[in-house]
2 protein chains.
Amino acid sequence: MTTDQTSPATGVKPLRADARRNRARLLEVAEAVFTERGTGASTEEIAREAKVGIATVFRHFPTKEALLEAVLVRRLERLAEEGRRLMAETGPTYALFAFFDLVLDQSPVKNAFAAALADAGVDVRAATSEAGRALGEVLTVLLDGAQQAGVVRRDLGVPELTAILVGTCRMLEHLDGHPESAKRARAVVRDGLKARTGSPEEPLPQGGAPS
Amino acid sequence: MTTDQTSPATGVKPLRADARRNRARLLEVAEAVFTERGTGASTEEIAREAKVGIATVFRHFPTKEALLEAVLVRRLERLAEEGRRLMAETGPTYALFAFFDLVLDQSPVKNAFAAALADAGVDVRAATSEAGRALGEVLTVLLDGAQQAGVVRRDLGVPELTAILVGTCRMLEHLDGHPESAKRARAVVRDGLKARTGSPEEPLPQGGAPS
DNA sequence: GACGATACGGATAGATGACTCCGTTTGTCC
DNA sequence: GGACAAACGGAGTCATCTATCCGTATCGTC
């Protein structure tokens, strides 16, 4: 809805029909392949799976990195979309947690890929910033709502929230195939996010051992 | 202490003096390089940095995967060691948290590498199992102590704990350079780990949105 | 210090992956 | 339905990485 995924950008180019089809299919297939085999998957494999020649891949995405980027942006856009939907449908008290659950319920590999992008050393940050900012705005709304409703501690901002979400994804990867453990581990994070009801500063150890 | 790191295993081979030196240096350098540049770093680079020929690397570690494995095992052994030390010096109430802090205080890259190994597709699991089991035992003791002391919720086991630790590492990577945010995010996890003082089942949403 | 064995270094083989060139096909517009 | 531009396919190039071979240097022992 936000940006037409089949056209490269707010258009300087009309792009032919088959080209549009191929581009869309490539994005689809690339996401699947990258999530399954990791970012190390070869462009040739993606081309084969998408039933196009290698040249076609590079025609649409001048470099492998660009393809990676495009896939990531697409995913971020979808997430922002879902966040907005949840906010509207679910209301401020539950929307943030619903969003967390939605992300975490996706297969671990699906989330793994997002993280895998980071260590690809890709300059994703720059190109992602636009989509990332949109998602950031959605998260801001979700977080604000939850904090206003008193269900999330107030010392958290969007950066912390994002990091916690990513970390939790990685956490669940390690518990794949053990749903009971995963449920308990998720409860830990969820409880940690909740507004502290007891004393604001508890006497638990912060530093390391007394040296 | 547990296993002499300079000898390949409980010894069938006496191994010459220079060979022992080189092997140790290789492990040292490999850990540094892998943590900095990721597991994609070339063996040639490691050889150069360690001031040995490439052949020497492959003589000691028949395959790159074997080198990766050895580095990981070494790290796990050291962690187990530190865990034992903390248990003895710090006591059951604080030892687990101290261990968490110790791991998390290491530079993010240092922790990143452990996770990076996983997606290298390496059959690390098998070869790691021995060192992993040792660390697992230490964690069992730490967790038991903390639970007995009433500072950690009782529905957690070692698998959950391990996953949470790994996930928190990844979380902190994303907050590198923002110590204040990192502190707050860590507090979320720590509070989540604590024994629940209030009602055992809080009325917070579990599932997604009401569809 | 000399000899045998062990370990070393660097050049090289073999594999793989990103990216390009160019002849052929396909969509679009009249 | 014909002409022209746009897009396609896949063989080929270039770089890089893992792993090996073999002549040389070093260690350990007498």
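Residue numbers begin at 1 in each chain, while the letters A, B, ... track the order of the sequences.
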Ion pair A:Asp144/A:Arg154, N-O distance below 4.0 Å: no

Euclidean distance, atom CZ of residue A:Phe58 to atom P of C:dC21 [Å, nearest integer]: 13 Å

N/O (side chain, B:Asn22) to phosphate O (OP1/OP2, C:dA7) under 4.0 Å: no

d(CD1, B:Ile54; P, D:dT16) in whole Å: 14 Å

Gap separating the CZ atom of A:Phe34 from the NZ atom of A:Lys64, nearest 0.5 angstrom: 5.5 Å

Options C:dC8, D:dG28, C:dG27, nucleotide nearest the side-chain atoms of A:Ala17: C:dG27

Contact under 4.0 Å: A:Thr63 side-chain N or O vs C:dC19 OP1/OP2: yes

Whole-Å gap separating P (C:dG23) and CZ (A:Arg59): 15 Å

Given B:Arg21, B:Arg20, B:Arg16, the one that forms side chain to side chain donor-acceptor pair (under 3.5 Å) with B:Asp18: B:Arg16

Comparing B:Asp18 and A:Lys51 on DNA chain D - which has the more 5′ nearest nucleotide: A:Lys51

Touch class at under 4.0 angstrom, heavy-atom based, for B:Ala55 against every strand present: base

Integer-rounded Å distance: C:dG10 C1' and B:Ile46 CD1: 18 Å

Working for side-chain contact (heavy atoms from CB on, under 4.5 Å), residues A:Thr56 and A:Arg59: CA-CA 5 Å; A:Thr56 298; A:Arg59 196 170 304 111; 3.5 Å; yes

Of the listed nucleotides D:dC27, D:dC8, D:dT18, the one nearest the side chain of B:Thr43: D:dT18

Derivation and outcome, salt bridge (charged side-chain N to carboxylate O under 4.0 Å, His left out), residues A:Arg78 and A:Glu31: CA-CA 13 Å; A:Arg78 272 199 319 250; A:Glu31 177 162 353; 2.8 Å; yes

Interatomic distance, A:Arg20 CZ vs C:dT26 P [rounded to whole Å]: 18 Å

B:Leu68 CG to D:dT18 P, straight-line distance once rounded to whole Å: 10 Å

Atom pair distance, as rounded to whole Å: CZ in B:Arg23 and P in C:dA7: 12 Å

Residue A:Val52, side-chain heavy atoms: nucleotide from D:dT18, D:dG9, C:dG9 that is nearest: D:dG9

OP1 or OP2 of D:dC8 under 4.0 Å from side-chain N/O of A:His60: yes

Atom-to-atom span, CZ of B:Arg48 to P of C:dC8 - whole angstrom: 19 Å

Under-3.5 Å donor-acceptor pair between A:Arg16 side chain and D:dA6 base: yes

